[in-house]
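Excluded from the calculations below are hydrogen atoms, water molecules and symmetry mates; all remaining heavy atoms, backbone and side chain alike, are included. Chain naming here is simple, since letters A, B, ... match the order of the sequence lines and numbering starts at 1 in each.
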Amino acid sequence: LAKTTQPISMDSYEGQEVNITCSHNNIATNDYITWYQQFPSQGPRFIIQGYKTKVTNEVASLFIPADRKSSTLSLPRVSLSDTAVYYCLVGDEILTGGGNKLTFGTGTQLKVEL
Amino acid sequence: EPEVTQTPSHQVTQMGQEVILRCVPISNHLYFYWYRQILGQKVEFLVSFYNNEISEKSEIFDDQFSVERPDGSNFTLKIRSTKLEDSAMYFCASSDQGATNEKLFFGSGTQLSVL
């Protein structure tokens with residue numbers, strides 16, 4: 001699995017756009033880039049996934065440059081409720097017996113203030 | 001959106017006691033998982049389960065741990081003789097096809113405290 005590097009923490013204010021960048025220099029050809037969000041005392045929640053260029057959904061946008069060695073999660077107009085840990089995952093491990101295994105890093109703790 | 005539900009939300013037990021953590025995965029999902037997160041640490045894979053058997057387990061998942069799908073809806077994690085270091089948040093997850101890059105749906109977790 002590709003190793004990922006992302007900032008440990010970020011601070012923002014309500015209404016601002018937040019961009020969290022993840023580095024993944026050894027991403028493999030077949031790897032997708034996936035972001036999960038985790039609120040305190042909750043399980044991780046899928047936010048967005050992409051392979052290249054730009055992906056947008058109702059929650060976020062994901063920007064992936066042509067070399068795919070990094071990606072940026074963009075959260076438009078954050079609110080207090082966006083305070084959470086954001087995990088960048090690259091690829092997953094398909095298990096021989098079935099299923100796929102995710103490997104979580106330490107993530108980025110985003111704190112949104114008034 | 002469909003949800004994975006876990007019960008109880010909190011479980012306090014004495015060291016050496018057995019605990020069973022319960023999960024109801026999303027109804028049409030075929031792959032089931034347990035992860036855990038010790039306070040302040042990473043979310044760690046414990047075990048995956050498919051077609052009524054374990055497909056992979058981590059080093060953490062030793063002989064004290066077992067999983068079971070006793071009926072068509074529940075998926076349980078049993079710890080036979082709890083240790084202090086088993087204190088953690090335990091998350092159940094499920095997925096549909098087990099395909100590459102498929103998203104996992106996680107429950108809200110059971111906070112296990114071993115005293």
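- Residue A/Val78 is grouped with residue A/Tyr86 when hydrophobic side chains (ILVMFWY) are merged at heavy-atom distances under 4.5 angstrom, including chains of intermediate members.
- Rounding to the nearest 0.5 Å gives a distance of 5.0 Å between CG of B/Asn101 and CG of A/Asp92.
- Using a 4.5 Å cut-off between heavy atoms, A/Gln42 touches chain B through backbone and side chain atoms alike.
- Note on A/Val55 and A/Ile33: same hydrophobic cluster, where clusters join Ile, Leu, Val, Met, Phe, Trp and Tyr whose side-chain heavy atoms are under 4.5 Å apart, directly or indirectly.
- When each of B/Gln37, B/Gln111, B/Gln97 is scored by its heavy-atom pairs under 4.5 Å with chain A, the top score falls to B/Gln37.
- B/Lys83 NZ: more than 12 foreign heavy atoms inside a 6.0 Å radius.
- A distance of 11.0 Å separates CZ of A/Arg45 from OG of B/Ser108, quoted to the nearest 0.5 Å.
- Dense packing is recorded around CD of B/Glu85, with more than 12 heavy atoms of other residues, nucleotides or ligands lying under 6.0 Å away.
- Within a 6.0 Å sphere centred on CG of B/Leu115, heavy atoms belonging to other residues, nucleotides or ligands number more than 12.
- Rounding to the nearest 0.5 Å gives a distance of 15.0 Å between CZ of A/Phe104 and CD of B/Gln41.
- Follow the hydrophobic side-chain contacts under 4.5 Å out from B/Met89 and you never reach B/Leu46; the two are in separate clusters.
- Interface remark: of the candidates B/Phe91, B/Phe32, B/Tyr50, B/Phe91 forms the most heavy-atom pairs closer than 4.5 Å to chain A.
- Distance check, rounded to the nearest 0.5 Å: CD of B/Glu102 to OH of A/Tyr32 gives 13.0 Å.
- Looking at A/Phe39, there are no atoms closer than 4.5 Å to chain B (heavy atoms on both sides), in backbone or side chain.
- Following chains of ILVMFWY side-chain contacts shorter than 4.5 Å, one cannot reach B/Val24 starting from B/Phe105, and the two form parts of different hydrophobic clusters.
- If you chain together hydrophobic residues whose side chains sit under 4.5 Å apart, B/Phe45 and B/Leu21 never meet in one group.
- Proximity to chain A is limited to the side chain of B/Ser95, based on heavy atoms less than 4.5 angstrom apart.
- Residue contact with chain B, scored on non-hydrogen atoms closer than 4.5 Å, involves the side chain of A/Tyr36 exclusively.
- Within 6.0 Å of the CG atom in A/Asp67, the count of heavy atoms belonging to other residues, nucleotides or ligands exceeds 12.
- With a threshold of 4.5 angstrom between heavy atoms, A/Thr106 approaches chain B through its backbone and through its side chain.
- Distance alone, capped at 3.5 Å, is enough to place a donor-acceptor pair between the B/Tyr33 side chain and the A/Asn100 backbone.
- Within the 4.5 Å cutoff, the side chain of B/Val43 has heavy atoms near those of the A/Gln38 side chain.
- One distance of note links CD of B/Glu56 with CD1 of A/Ile94; it measures 11.0 Å at 0.5 Å rounding.
- Neither the backbone nor the side chain of B/Ala93 comes within contact range of chain A, judged by heavy atoms closer than 4.5 Å.
- The local environment of CD1 in A/Ile8 is sparse, with at most 12 non-hydrogen atoms from other residues, nucleotides or ligands closer than 6.0 Å.
- For B/Tyr31, the part lying under 4.5 angstrom from a heavy atom of chain A is the side chain only.
- Using a 4.5 Å heavy-atom cutoff, the side chains of B/Ser48 and A/Lys101 are not in contact.
- Heavy atoms from other residues, nucleotides or ligands lying under 6.0 Å from CD of A/Glu14 number more than 12.
- B/Tyr35 and A/Leu102 make their closest contact through OH-N, 3.0 Å (heavy atoms, listed as atom of the first residue, atom of the second, distance).
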